[in-house]
Amino acid sequence: MLTRLNTKSERKLAKQICKVVLDHFEKQYSKELGDAWNTIRDILITPSCWQYAVLLNRFNYSFELERDLRLKGYHTLFQGSLPYYPKSMKCYLSKTPDRMPSERHQIGNLKKYYLLNAASLLPVLALELRDGEKVLDLCAAPGGKSIALLQCAYPGYLHCNEHDSLRLRWLRQTLESFIPQPLVNVIKVSELDGREMGDAQPEMFDKVLVDAPCSNDRNWLFSSDSQKAAWRISQRSNLPVLQIELLRSAIKALRPGGLLVYSTCTLSKAENQDVISEILNSYSNIIPVDIKEMARTCSQDFTFAPTGQECGLLVIPDKGKAWGPMYVAKLKKSWTT
């Protein structure tokens, strides 16, 4: 009986990890990342060692929650000094794979915290958001980065866009769960194809975040439908084309002197460094912004792989730092074309 149970649970585990995706990643990432891939792979295929950060909601702050997190051994993100880390953002990390329960969505009640992969705060912080700015979150669902942006500053206007209608519903619910009504009034939610935003709102925004659709490494590894997974893999080479088109649109929407941050949750060089190189090679008015200081400041919490770019960081999952993958690139639009 015990043997049968063991075999059954082994089958269940084998079903969880999609072999088609793992084999594809194995070929690509062992080439791109070398020896580091072995550790990354072991973490990605073992959800029990994944870590979750707790981002406190400043619009429903709980002193008791913050005290309990400290008592449990959680520490704040960026204990080092990052010049543009806002005091209003409070994010707690645990060194162990401890996971707080998710709060239920209740109409009229704001949630106290948001669970997220801590690396996904890096693109938000790289934007250096300040009060009163006009901000565009071009691919905003499920809404975690929009929520994080609002923990940093009070924008004069925040435009959250999501082209996928199912994901748009998720985004609306996230905003409703975390943001008080007066602030909701300065947020616009739209369902535009992101590639059309630049033409629709040229040079409108001070800051633009492009958290692009990508081959989401963590999710893809656990695709339950292997046929769908195989199709995704076959379509993977089309993603950089979409990502570049979204960036071109974002550049049009950005005012001269404004900052643009591009991010993905994949390790893929084709969707990360190569996309940014293509943009830098085709625009004389787009300047790379050095973000090495960010990596130095938070190296105690995150492990980085070399990207060969001063404007690009790649967080890779590591033992005891199971954050990422997360690629972040920072660009500036100059006043001269």
Side-chain angles (χ1 to χ4, degrees), residues 120 123-124 126-127 129 133-150 155 157-176 179 184 186-217 219-220 228 231-256 258-266 268 270-272 274-283 285-286 326-331 333:
S120 64
V124 170
L127 268 183
L129 196 61
E133 290 181 321
K134 289 181 177 172
V135 188
L136 170 62
D137 189 350
L138 190 63
C139 313
K145 291 185 180 67
S146 298
I147 296 303
L149 284 166
L150 291 161
Y157 173 60
L158 172 61
H159 189 140
C160 300
N161 182 69
E162 177 53 53
H163 186 42
D164 183 292
S165 54
L166 279 175
R167 287 171 63 80
L168 183 79
R169 282 218 299 273
W170 192 1
L171 169 65
R172 284 188 193 279
Q173 190 177 89
T174 304
L175 292 171
E176 193 181 284
I179 309 303
V184 170
V186 301
I187 302 172
K188 177 182 167 73
V189 178
S190 66
E191 199 177 345
L192 201 65
D193 183 328
R195 292 170 289 189
E196 296 165 10
M197 185 65 77
D199 290 326
Q201 305 214 338
E203 298 194 350
M204 258 286 293
F205 299 96
D206 302 299
K207 307 279 168 77
V208 179
L209 175 63
V210 182
D211 186 42
C214 65
S215 43
N216 183 324
D217 294 351
N219 286 356
W220 281 26
K228 190 178 176 184
W231 180 82
R232 272 177 174 167
I233 294 292
S234 71
Q235 297 298 305
R236 197 179 190 199
S237 58
N238 299 332
L239 280 167
V241 176
L242 170 64
Q243 290 155 348
I244 288 165
E245 287 172 349
L246 287 168
L247 276 170
R248 291 190 191 284
S249 174
I251 288 164
K252 274 187 192 171
L254 186 66
R255 67 158 179 82
L259 285 176
L260 185 155
V261 170
Y262 172 75
S263 61
T264 72
C265 49
T266 179
S268 170
E271 296 175 53
N272 295 337
D274 294 353
V275 163
I276 292 301
S277 296
E278 172 64 29
I279 290 295
L280 290 172
N281 290 335
S282 51
Y283 286 88
N285 64 332
I286 297 299
M326 180 60 57
Y327 174 77
V328 187
K330 186 171 180 174
L331 307 172
K333 188 175 189 176

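For the numbers below, each heavy atom of this structure counts, side chains included, while hydrogens, waters and symmetry mates do not.
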Using a 3.5 Å distance criterion without hydrogens, assess whether the side chain of N272 forms a donor-acceptor pair with backbone atoms of T266. yes
Those residues at least two apart in sequence (or on a different chain) that pass side chain to side chain contact (heavy atoms under 4.5 Å, CB included) with V184 are I179, Q181
Using the salt bridge (charged side-chain N to carboxylate O under 4.0 Å, His left out) rule, take E203 and R255 through it: C-alpha gap first, then chi angles, then the decisive distance, then the call. CA-CA 4 Å; E203 298 194 350; R255 67 158 179 82; over 6 Å; no
Could you tell me whether R236 and D217 have a side-chain N and a carboxylate O separated by less than 4.0 Å? yes
Verify side chain to side chain donor-acceptor pair (under 3.5 Å) between E278 and N281, making sure each step is shown before the conclusion. CA-CA 5 Å; E278 172 64 29; N281 290 335; 5.6 Å; no
Sidechain-backbone polar pair: K333 side chain, L254 backbone, donor-acceptor under 3.5 Å: yes
Donor-acceptor under 3.5 Å (E162 side chain, D164 main chain): yes
Would you check, one step at a time, whether the test side chain to side chain donor-acceptor pair (under 3.5 Å) holds for E271 with S215? CA-CA 8 Å; E271 296 175 53; S215 43; 2.4 Å; yes
With sequence neighbours excluded, tell me which residues meet side chain to side chain contact (heavy atoms under 4.5 Å, CB included) with S263. P123, K145, L209, D211, M326
Classify the angle between the aromatic ring planes of F205 and H159 as parallel (below 30°), tilted (30 to 60°) or perpendicular (above 60°). perpendicular
Heavy-atom donor-acceptor pair, K207 side chain to L127 backbone, under 3.5 Å: yes
Sole residue of L138, I286, V210, V208 in side-chain contact (heavy atoms from CB on, under 4.5 Å) with L247: V210
